[in-house]
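For reference, the structure discussed in these notes is given below.
Sequence lines set the chain letters: A, B, ... in the order given, protein chains first and strands last, and positions in each chain run from 1.
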Number of protein chains: 2
Amino acid sequence: MTKAKLPVEHCATEMKAQIAGEHRRVTSYDVALVAGVSQSAVSRCFKPGASVSKDTYARVMHAATLLDYIPNAAARSLITRRSNMVALLITNQANLYYPELLAELSQHINARGKRVLLFTLQREADVDRVLADVWQYQVDGVIAAARLSAEHIAEFERRRMPLVVFNRVLRDHSVNTVACDHLEAGRMLASRLAAAGHRQFGIIGGDMDSSVASERRRGACERIAELGLPAPVVVPGQYDYRSGALGLKAIIAQLGGVPDAIICGSDVMAIGCLDCARHELGLDVPGQLSVAGFDAVEPSNWISYNLTTLRQPMPKMAAAAAELLCARIDRHEDETEKRVFSAQFIEGATARLAPLAATPPRAATGLPLPVAIM
Amino acid sequence: MTKAKLPVEHCATEMKAQIAGEHRRVTSYDVALVAGVSQSAVSRCFKPGASVSKDTYARVMHAATLLDYIPNAAARSLITRRSNMVALLITNQANLYYPELLAELSQHINARGKRVLLFTLQREADVDRVLADVWQYQVDGVIAAARLSAEHIAEFERRRMPLVVFNRVLRDHSVNTVACDHLEAGRMLASRLAAAGHRQFGIIGGDMDSSVASERRRGACERIAELGLPAPVVVPGQYDYRSGALGLKAIIAQLGGVPDAIICGSDVMAIGCLDCARHELGLDVPGQLSVAGFDAVEPSNWISYNLTTLRQPMPKMAAAAAELLCARIDRHEDETEKRVFSAQFIEGATARLAPLAATPPRAATGLPLPVAIM
DNA sequence: TTGTAAGCGTTATCAC
DNA sequence: GTGATAACGCTTACAA
């Protein structure tokens with residue numbers, strides 16, 4: 001009885017050897033031959049929801065496993081014009097400081113049946129070189145966590161390439177965008193600190209490469225000016241630990257003394273600033289000096305720091321980016337949308353803060369308070 | 001005179017409109033038509049080092065830019081059997097704790113003209129599901145920073161898929177491997193601490209998912225036993241900050257007192273342990289208790305911690321992985337190789353250490369001391 | 001150097 | 001439900 005079943009198996013192993021010898025790949029045609037059906041029948045078996053008889057399906061699948069057959073995605077994408085790949089443009093810096101971003105994005109994209117083709121950028125300026133590669137690989141869409149010029153945007157439109165820009169707001173451009181409102185976050189932080197009586201601010205910005213940090217700085221400066229407080233001392237930073245200490249010293253030097261509060265463009269700089277203030281300069285934080293950052297990175301929550309900071313809702317943002325892109329790809333939605341999330345204030349313990357009642361949320365955005373509805 | 005040149009431009013714009021209307025892509029055939037050459041001539045122009053006349057090249061390139069033509073990588077890979085894509089399998093945990101790994105790998109792979117197709121794993125066990133996708137996408141090779149079973153390895157061989165396993169040593173398998181010697185690192189740390197007089201150890205391991213942490217634990221335990229010291233108290237951990245504090249308390253509870261030293265499977269756990277010891281339990285580190293970790297993550301170097309730890313040479317390891325894989329892909333090198341790097345000891349200031357002379361490097365590996373050469 | 005023509009391994013469109 | 005056949009957009013002998 002076992003003999004009756006052998007022919008197929010035997011044929012399959014023989015064929016596998018032959019295929020290997022010819023340096024070919026196992027194709028749907030080979031499977032068809034073994035299964036005793038047509039090549040198109042094999043193709044249908046691998047297309048979810050196609051009409052195939054139970055019997056055909058079983059024989060094809062059996063032959064396929066015997067031959068280790070897997071459909072070739074390149075050939076498929078040639079005819080379907082769908083690669084099921086999404087390009088992700090991300091700066092090394094972004095991945096370094098927000099490693100969870102990649103994980104979240106990747107999960108959401110995979111969950112929608114697509115894969116991530118990764119393009120990491122040393123600097124934001126590398127976008128040019130990288131985009132040329134992106135076009136070649138026939139990706140179905142792009143998520144760009146990097147700054148794109150007007151020309152870049154235009155090229156995406158010319159090529160009808162679905163695009164979602166992540167954490168970079170491009171005004172005057174009709175582009176799908178997911179971002180955290182860093183300007184608002186900067187304003188919010190300045191408001192909360194001002195409300196607690198801080199008057200003289202120091203600001204450690206990000207380097208010129210980081211639009212995120214500069215938005216935060218701008219927001220804080222705007223709000224400080226609106227409140228009629230003394231002009232803050234602004235110094236540049238590189239987004240890293242060392243910049244925190246350097247920035248703090250630069251601010252003290254420029255000011256000829258210790259400011260009331262220092263706003264840092266990122267948590268890592270804030271932690272650098274904090275360590276320097278406490279351990280090098282012997283300052284009492286927050287007694288003599290308040291220090292605040294942005295991002296709520298993991299260490300900001302550690303006992304040694306417990307930093308006053310603002311959290312970007314990364315998981316939500318990642319989910320939104322994947323959703324927006326897939327809507328354009330799969331449902332050909334044409335309307336562009338900008339989803340802007342607010343940062344969440346984390347009180348921490350490195351800044352003196354007034355009770356929240358004194359600074360209602362709307363005040364933080366600089367908008368007039370709404371009239372009570374009832 | 002401008003009119004003489006217009007026909008080509010005019011023809012191109014007209015053709016672009018038509019192509020868009022037909023919902024086709026711009027192909028090399030379209031370019032050929034505009035340039036007035038054959039399709040194969042266009043193909044040759046995009047193949048580096050092909051023989052094309054200066055004139056033909058210029059006309060083709062002109063037509064190509066007019067039409068926004070870019071060769072289709074899917075079609076190319078179909079015929080060349082090269083996708084120029086490399087799959088990278090990485091656990092979310094690995095990316096979270098070693099974000100620079102991704103950047104380094106990506107850079108090296110891009111530098112060799114290949115792209116990274118990213119497959120992130122929630123847990124190491126997800127490898128199964130993910131591998132099925134990997135085969136479809138016709139990648140040229142795979143770097144796996146995840147644990148692979150013997151069956152997985154066998155499948156790679158059956159499919160003749162080049163593979164480099166990263167930071168997981170698979171004994172009894174002929175597989176290209178790049179790793180840090182975590183066993184040795186564990187032994188080294190135990191040796192250095194023992195040499196400084198620590199006798200009673202506590203060990204906070206990684207969870208079962210992390211082979212890295214368990215190798216480290218095994219190495220430390222081995223060495224402690226060899227030295228005839230009391231058996232260490234070993235408690236599990238999740239690789240995160242919280243596990244450090246929980247682990248410390250569990251160890252103290254089991255031991256009925258504070259051990260001489262605690263070895264943590266990762267820096268983040270070590271930092272958690274350190275914060276708990278100092279700020280919660282009021283212990284003097286390293287006066288009453290030594291704490292050490294592994295990895296030399298960025299925060300370990302911050303003033304507040306200055307952790308005793310061991311660094312994996314990540315940049316070198318990433319470079320080695322890319323090199324090994326590309327050698328197999330591009331030069332069809334068949335010999336498998338295991339490149340194992342040693343971790344670098346970072347003294348830090350959270351453990352009491354004896355001067356190095358007392359523990360020469362070879363002793364740390366458990367090998368007999370070499371006879372002096374001179 | 002250039003053009004012709006035969007694939008690469010699928011999916012899609014038809015008749016049957 | 002199933003099987004021919006024509007794409008998809010490219011590379012690569014081979015002939016000219």
Side-chain angles (χ1 to χ4, degrees), chain A residues 15 19 22-61 63-64 67-85 135-140 159, chain B residues 15 19 22-61 63-64 67-85 135-140 159:
Chain A
M15 178 170 267
I19 290 169
E22 290 171 12
H23 278 275
R24 303 194 297 111
R25 287 171 169 166
V26 179
T27 70
S28 54
Y29 188 78
D30 300 315
V31 177
L33 223 58
V34 171
V37 297
S38 76
Q39 181 272 334
S40 29
V42 176
S43 175
R44 275 192 286 265
C45 288
F46 284 91
K47 178 181 175 159
S51 74
V52 202
S53 78
K54 207 95 181 165
D55 178 54
T56 306
Y57 183 83
R59 289 167 59 192
V60 166
M61 282 312 172
L67 291 174
D68 284 324
Y69 168 77
I70 298 265
N72 182 324
R76 170 182 292 162
S77 85
L78 200 56
I79 186 87
T80 60
R81 287 162 170 165
R82 272 295 178 74
S83 62
N84 289 323
M85 294 192 302
W135 310 134
Q136 289 210 11
Y137 279 88
Q138 309 298 123
V139 296
D140 297 335
R159 299 186 183 277
Chain B
M15 176 169 268
I19 290 169
E22 290 171 12
H23 277 273
R24 301 194 298 111
R25 288 171 168 166
V26 179
T27 71
S28 54
Y29 187 78
D30 300 316
V31 177
L33 223 58
V34 171
V37 297
S38 77
Q39 182 270 336
S40 45
V42 176
S43 175
R44 276 192 286 265
C45 288
F46 284 91
K47 177 181 176 158
S51 74
V52 203
S53 76
K54 206 95 181 167
D55 178 54
T56 306
Y57 183 83
R59 287 167 60 191
V60 166
M61 283 310 173
L67 292 174
D68 283 326
Y69 169 76
I70 299 265
N72 181 325
R76 171 182 291 161
S77 85
L78 200 55
I79 186 89
T80 60
R81 286 159 168 163
R82 274 294 179 75
S83 63
N84 288 323
M85 295 193 302
W135 309 134
Q136 288 211 9
Y137 279 89
Q138 309 298 122
V139 296
D140 296 336
R159 298 185 184 278

Exercise. Out of C:dT10, C:dG3, D:dG3, which has the shortest distance to the side chain of A:Ser38?
Worked result: D:dG3
Problem set entry | Side-chain N,O (A:Arg25) to OP1/OP2 (C:dT10) below 4.0 Å | no
For this session: Mind calculating the distance between OH (A:Tyr29) and P (D:dT5) to the nearest angstrom?
Result: 12 Å
Exercise. Which part of the nucleic acid, if any, lies within reach of A:Thr27 when heavy atoms closer than 4.0 Å are counted: base, sugar-phosphate only, or nothing?
Worked result: sugar-phosphate
Problem set entry | Below 4.0 Å: OP1/OP2 of D:dC10 and any side-chain N or O of B:Tyr69 | yes
For this session: Starting at atom CD of B:Gln138, determine the distance to atom P of C:dG9, rounded to an integer number of angstrom.
Result: 9 Å
For this session: Could you tell me whether B:Thr80 contacts a base, only the sugar-phosphate backbone, or nothing, with contacts defined as non-hydrogen atoms closer than 4.0 Å?
Result: sugar-phosphate
For this session: Send over the distance from B:Asn84 CG to D:dT11 P, rounded to a whole Å.
Result: 11 Å
For this session: Examine A:Tyr57 together with A:Phe46 and report whether their ring centres are nearer than 6.0 Å.
Result: no
Problem set entry | Side chain of A:Ser40 - closest among D:dC10, C:dA12, C:dT10 | C:dA12
For this session: Write down the distance between NE2 (B:His23) and P (D:dA7), rounded to a whole number of angstrom.
Result: 19 Å
Seminar exercise, completed: Rounded to whole Å, OH of A:Tyr137 lies from C1' of D:dC10 at a distance of 15 Å
Exercise. Between B:Arg81 and B:Arg76, is a side chain to side chain contact (heavy atoms under 4.5 Å, CB included) present by the stated rule, with each step listed?
Worked result: CA-CA 8 Å; B:Arg81 286 159 168 163; B:Arg76 171 182 291 161; over 6 Å; no
Exercise. Between residues 41-60 of chain B and DNA chain C, which residues have a heavy-atom gap below 4.0 Å?
Worked result: B:Ala41, B:Arg44, B:Ser51, B:Val52, B:Ser53, B:Thr56
For this session: Output yes when A:Arg25 and A:Asp30 qualify as a salt bridge under the 4.0 Å nitrogen-oxygen rule, no when they do not.
Result: no
Exercise. Do A:Ser83 and A:Gln138 have a side chain donor and acceptor closer than 3.5 Å?
Worked result: no
Problem set entry | Distance, rounded to the nearest Å, where B:Ile79 contributes CD1 and C:dA5 contributes P | 17 Å
For this session: Decide yes or no for B:Val34 and B:Met15: does some side-chain heavy atom of the first lie under 4.5 Å from some side-chain heavy atom of the second?
Result: yes
Exercise. Less than 4.5 Å apart, any side-chain heavy atom of A:Val42 and any of A:Val37?
Worked result: yes
Problem set entry | Atom-pair distance (CZ on B:Arg24; P on C:dA12), nearest Å | 19 Å
Problem set entry | Separation of atom CG in B:Asp30 from atom P in D:dC8, rounded to whole Å | 11 Å
Problem set entry | Side-chain donor-acceptor contact under 3.5 Å, B:Ser43 with B:Ser40 | no
